[in-house]
Amino acid sequence: MVSVKDVAVAAGVSVGTVSNVLNHPDKVSPATVQRVQQVIAELGFVRNDAARQLRAGRSRSIGLVVLDVGNPFFAEVARGAEQRAAEENLVVLLGGADQSPERESAYLDLFREQRVLGVLITPVSDDLAALRRLDAAGIPVILVDREMPEESFRSVSVDDVEGGYLAVSHLLERGRRRIAVVAGPASIPQVADRLEGARRAVAEHSDATLEVIEVAALTVLEGREVGERIRLAQDRPDAVFAVNDLLAVGVLQALAFAGSGVRVPEDVALIGYDDIDFAASTVVPLSSIRQPARMLGRTAVDLLLAEPEGAGERTIRYRPELVVRESTAGVSAN
Ligand code: RIB
């Protein structure tokens, strides 16, 4: 699908100029109008009337509410949404729920009051009252990184069960058999799905065991505390799957230092999830499960701007990808 940005690049003008040619040609020189219109014809660009209609009736803002603005994964989601929104001359207002249903609800009510074009959200809670109030006010809601098949909301997400399965199957292929999964809170569906995938992988190996180490939050600090417990344990696991890269980085910090007595990956292999930029440059480059975070953000805006009742896809689910680095290299030393 030819975008406004494609037209802008081909015509050698800004996205805003293309938008003006489409909406306010009187603001643009005749020569530029002619050049842009010629490119539109050559590329076969078809404007998205839903976007213009939405814009005509409301602000140029899209609300985005994420679980944790401190997590690079969500920063990438926001970057993708912002890039796609800018192609339509729209802006993204970012709110961080920080795992708080109250903060989430406050952002949703604020976006409803501001009559934003729509709201993209990774929900913290399963209390859908605030989301339904948006829907009732005619403000479209797009779920990001979540699915709710039983609800009417369109969604874009990643198959986290497959992701958990990929992570632990990789550890098992590397000869590891005492798998620890650093997970939690289990109330986060993405976490529960990754754990389910991990269990399915272990179930395929009669000589493998799985231990779940629950944490209160998916942060580096929580990972470090778990890593310290693993370092001091008598019966250590020979592999760790951390359900996101922040946890994995914390575990690595607690294990991979001179004199720790534990080598990564020789004694304990380690894999994370998200493949944030930082994962490749940790002291022992981190294996991870890549999520197309920026594409999640872009696609969420596409879903928002698609015809509300259009026949287009309503539930888009991307597949995760295994990224192998040094933290899971070789076979177990045990
Ligand atoms: O917010 C917890 C996790 O869920 C993130 O690290 C990312 O993996 C998301 O899917």
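Order of appearance sets the numbers: ligands from 1, and atoms from 1 within every ligand. Not measured: the values here are computed from a predicted model.
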* Asked: Can you list the steps and then say if Ser157 with Glu147 is a side-chain hydrogen bond (donor to acceptor under 3.5 Å, both in side chains)?
  -> CA-CA 7 Å; Ser157 61; Glu147 280 185 28; 3.2 Å; yes
* To do: Identify the two heavy atoms, one from Ala256 and one from Val284, that lie closest to each other, and give their separation to 0.1 Å.
  =>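 Scanning both residues, the minimum pair turns out to be CB-CG2, 4.2 Å.
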Report, in ascending order of atom number, the atoms of ligand 1 lying under 4.0 Å from any heavy atom of [X].
X	answer
Phe73	7 (C), 9 (C), 10 (O)
Leu67	1 (O)
Asn244	6 (O)
Leu218	2 (C), 3 (C)

Which residue owns the protein heavy atom closest to [atom], what's the atom, and how far is it?
atom	answer
atom 9 (C) of ligand 1	Asp145 OD2, 3.1 Å
atom 6 (O) of ligand 1	Asp274 OD2, 2.7 Å
atom 1 (O) of ligand 1	Phe74 CE1, 3.3 Å

Quick one: do [X] and [Y] make a salt bridge, cutoff under 4.0 Å?
X	Y	answer
Glu82	Arg79	no
Arg229	Glu225	no
Arg200	Glu196	yes
Asp109	Arg112	yes

* Would you say ligand 1 has an N or O under 3.5 Å from any N or O of Asn71? -> yes
* Asked: Judging by distance only, is a nitrogen or oxygen of Gln99 under 3.5 angstrom from one on ligand 1?
  ->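 Between Gln99 and ligand 1 (N or O atoms, distance only) the closest approach is not under 3.5 Å.
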* Report the part of Asp245 in contact with ligand 1, treating N, CA, C, O as backbone and CB onward as side chain, heavy atoms under 4.0 Å; options are side chain, backbone, both, neither. => neither
* Between Arg194 and ligand 1, which part of the residue brings a heavy atom under 4.0 Å of the ligand: side chain, backbone, both or neither? -> side chain
* Are the side chain of Asp160 and the backbone of Gly163 linked by a donor-acceptor contact shorter than 3.5 Å? -> no
* Just by distance, do the side chain of Asp245 and the backbone of Tyr273 share a donor-acceptor pair under 3.5 Å? -> yes
* To do: Could you tell me if any non-hydrogen atom of Asp68 lies under 4.0 Å from any atom of ligand 1?
  =>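 No; Asp68 lies far enough from ligand 1 that no heavy-atom distance drops under 4.0 Å.
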